[in-house]
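This report refers to the structure that appears directly beneath it.
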Amino acid sequence: MIKIHQINKRFRTQDIETTALSEISFDLQAGEFLAVMGPSGCGKSTLLNILGMLDSPDTGDYFFHNQNIARLSEAKLSQIRKRHVGFIFQSFNLIEELTVFENVELALLYQGYSAKERRQRVDAMLEKMDIAHRRRHLPHQLSGGQQQRAAVARALVSNPSLILADEPTGNLDSQRGQEVMSLLRQLNSEGTSVIMVTHSAEHAAYAHRRLNLFDGKLIATSQFAVV
């Protein structure tokens, strides 16, 4: 599904150049759950942004569904991203002025679905996430766990083949965090590929494999026995 080969990324200012990623290579098979770990500043978020087509590598190749997308235009990247990728962020990134229903529906507005199709898809996803009873509430009226479920619903409503999760339990207590991890495992068992950035070794153990980054370099991979 994904093949990353010799990816490099540097950020430059007037006085300094910082290497965010150096010679990163790995594969992700369809239906796989991959955890990415490492200390703050090691390049995890940069890697996730490149995988999510929100940023591009300076050099190297990124094959997504057998297409090398590393040098595609932003317009083409946007089309692929909308069709195939769902994002779950630590800070939820819900729009405060919109209801839960409207936040989830937003992911479908630019994909050509009719109003009826959008309503059916959103209602079904809110039911699946056990948050349908909050569909008319605003984000500030929800608990942290409910906000995260709304964010997950938004990520999944377009039926993406890949979920990118950036510290999805970082703002949750341990119980709500375990609920989100169980949900990610369930989605993965249903066929959705998942790449998750986390600081938690406990949560990383939900994945099939773990990548360890340090100073922008891939220093280790680990295979987990999935239970």
Side-chain angles (χ1 to χ4, degrees), residues 33-38 40-55 78 81-111 113 118-119 121-188 190 192-200 202-204 206-207:
F33 191 155
L34 181 67
V36 180
M37 298 191 72
S40 297
C42 72
K44 300 187 303 296
S45 293
T46 300
L47 177 60
L48 211 65
N49 285 339
I50 290 174
L51 292 170
M53 305 167 216
L54 299 173
D55 200 354
S78 179
R81 187 168 58 238
K82 290 175 182 176
R83 188 179 309 120
H84 292 289
V85 184
F87 296 90
I88 304 174
F89 301 98
Q90 176 179 346
S91 56
F92 314 137
N93 285 8
L94 298 173
I95 299 174
E96 287 295 334
E97 294 79 13
L98 300 181
T99 65
V100 167
F101 182 95
E102 292 166 338
N103 265 283
V104 177
E105 182 187 32
L106 198 60
L108 300 174
L109 283 177
Y110 304 106
Q111 297 191 40
Y113 293 101
R118 293 199 306 270
R119 184 172 62 254
R121 277 178 169 264
V122 174
D123 283 343
M125 188 55 60
L126 292 180
E127 288 287 349
K128 184 173 184 177
M129 294 298 104
D130 193 26
I131 199 172
H133 60 297
R134 297 288 192 179
R135 65 196 307 275
R136 298 188 184 280
H137 287 69
L138 297 172
H140 73 268
Q141 298 174 308
L142 307 177
S143 68
Q146 289 169 339
Q147 289 185 53
Q148 189 62 299
R149 285 183 173 273
V152 172
R154 181 185 57 193
L156 295 176
V157 71
S158 59
N159 194 30
S161 58
L162 174 66
I163 290 291
L164 298 177
D166 191 0
E167 294 284 357
T169 63
N171 286 331
L172 302 176
D173 60 35
S174 58
Q175 178 181 345
R176 298 301 182 190
Q178 292 297 337
E179 289 178 2
V180 169
M181 291 309 306
S182 296
L183 178 59
L184 287 176
R185 174 178 278 181
Q186 175 188 341
L187 296 171
N188 177 245
E190 295 171 355
T192 304
S193 302
V194 179
I195 299 179
M196 175 185 67
V197 165
T198 182
H199 282 99
S200 168
E202 178 184 359
H203 292 165
Y206 279 77

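Quick note: numbers below take in every heavy atom, side chains included, and nothing from hydrogens, waters or symmetry partners.
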With sequence neighbours left out, write down each residue that passes side-chain contact (heavy atoms from CB on, under 4.5 Å) with Q90, or none if nothing qualifies. E167, N171

R134 versus Q141: any side-chain heavy-atom pair under 4.5 Å? no

Contacts of N49 meeting side-chain hydrogen bond (donor to acceptor under 3.5 Å, both in side chains) (sequence neighbours excluded), chain-then-number -> none

Gap between atom CG of L51 and atom CG of L164 - 0.5 Å precision: 6.0 Å

Grab the two heavy atoms, one from F92 and one from G144, that are nearest each other, plus how far apart they are. CZ-O, 3.6 Å

Residues in salt bridge (Lys or Arg N to Asp or Glu O under 4.0 Å) with R81, at least two apart? E74

Identify the heavy atoms of H199 and S40 that sit nearest to each other, and give their distance. NE2-OG, 3.9 Å

Could you give the distance from CD (Q178) to CZ (R185), rounded to the nearest 0.5 Å? 10.0 Å

Would M125 and V152 satisfy side chain to side chain contact (heavy atoms under 4.5 Å, CB included), going step by step from the backbone distance to the final call? CA-CA 9 Å; M125 188 55 60; V152 172; over 6 Å; no

Is a donor on one side and an acceptor on the other found under 3.5 Å between the side chain of Q111 and the backbone of R83? no

How close do A150 and L94 get, heavy atom to heavy atom, and via which atoms? CB-CD1, 4.1 Å

Are C42 and M37 packed together at the side-chain level, in the sense that at least one heavy-atom pair is separated by less than 4.5 angstrom? no

Min side-chain heavy-atom separation P168-M196 under 4.5 Å: yes

Rounded to the nearest 0.5 Å, what's the gap from CG on N159 to OG on S161? Could you check? 8.5 Å

Side chain proximity check, T169 to S200, heavy atoms < 4.5 angstrom: no

Between CZ on residue R119 and OH on residue Y113, distance to nearest 0.5 Å: 15.5 Å

Drop me the distance from T46's OG1 to L54's CG, to the nearest 0.5 angstrom. 11.5 Å

Name the atoms and distances for all side-chain donor-acceptor pairs under 3.5 Å in residues 126-133, with sequence neighbours left out.
| residue | atom | partner | partner atom | Å |
| --- | --- | --- | --- | --- |
| K128 | NZ | E190 | OE1 | 3.0 |

Taking the six-membered ring for Trp, are H203 and Y206 parallel (under 30°), tilted (30 to 60°) or perpendicular (over 60°)? perpendicular

Taken to the nearest 0.5 Å, the spacing of I195 CD1 from L162 CG works out to 5.0 Å

State whether the side chain of K44 and the backbone N or O of V36 hold a donor-acceptor pair below 3.5 Å, judged by distance alone. no

In short, F87 meets A155 closest at the heavy-atom pair O-CB, 3.3 Å

Minimum heavy-atom separation for E96 to H140, with atom names? OE1-N, 3.4 Å

Using the test salt bridge (Lys or Arg N to Asp or Glu O under 4.0 Å), find all partners of R154 that sit at least two apart in sequence or belong to another chain. none

Identify the two heavy atoms, one from G86 and one from P160, that lie closest to each other, and give their separation to 0.1 Å. N-CB, 3.6 Å

Under 3.5 Å, which donor-acceptor pairs link side chains of residues 100-108 to any protein atom two or more places apart or in another chain?
| residue | atom | partner | partner atom | Å |
| --- | --- | --- | --- | --- |
| E102 | OE1 | T99 | N | 2.9 |
| E102 | OE1 | T99 | OG1 | 3.4 |
| N103 | OD1 | I95 | N | 2.7 |
| N103 | ND2 | I95 | O | 3.1 |
| N103 | ND2 | L98 | O | 3.1 |
| N103 | ND2 | T99 | O | 3.1 |
| E105 | OE2 | R118 | NE | 3.0 |

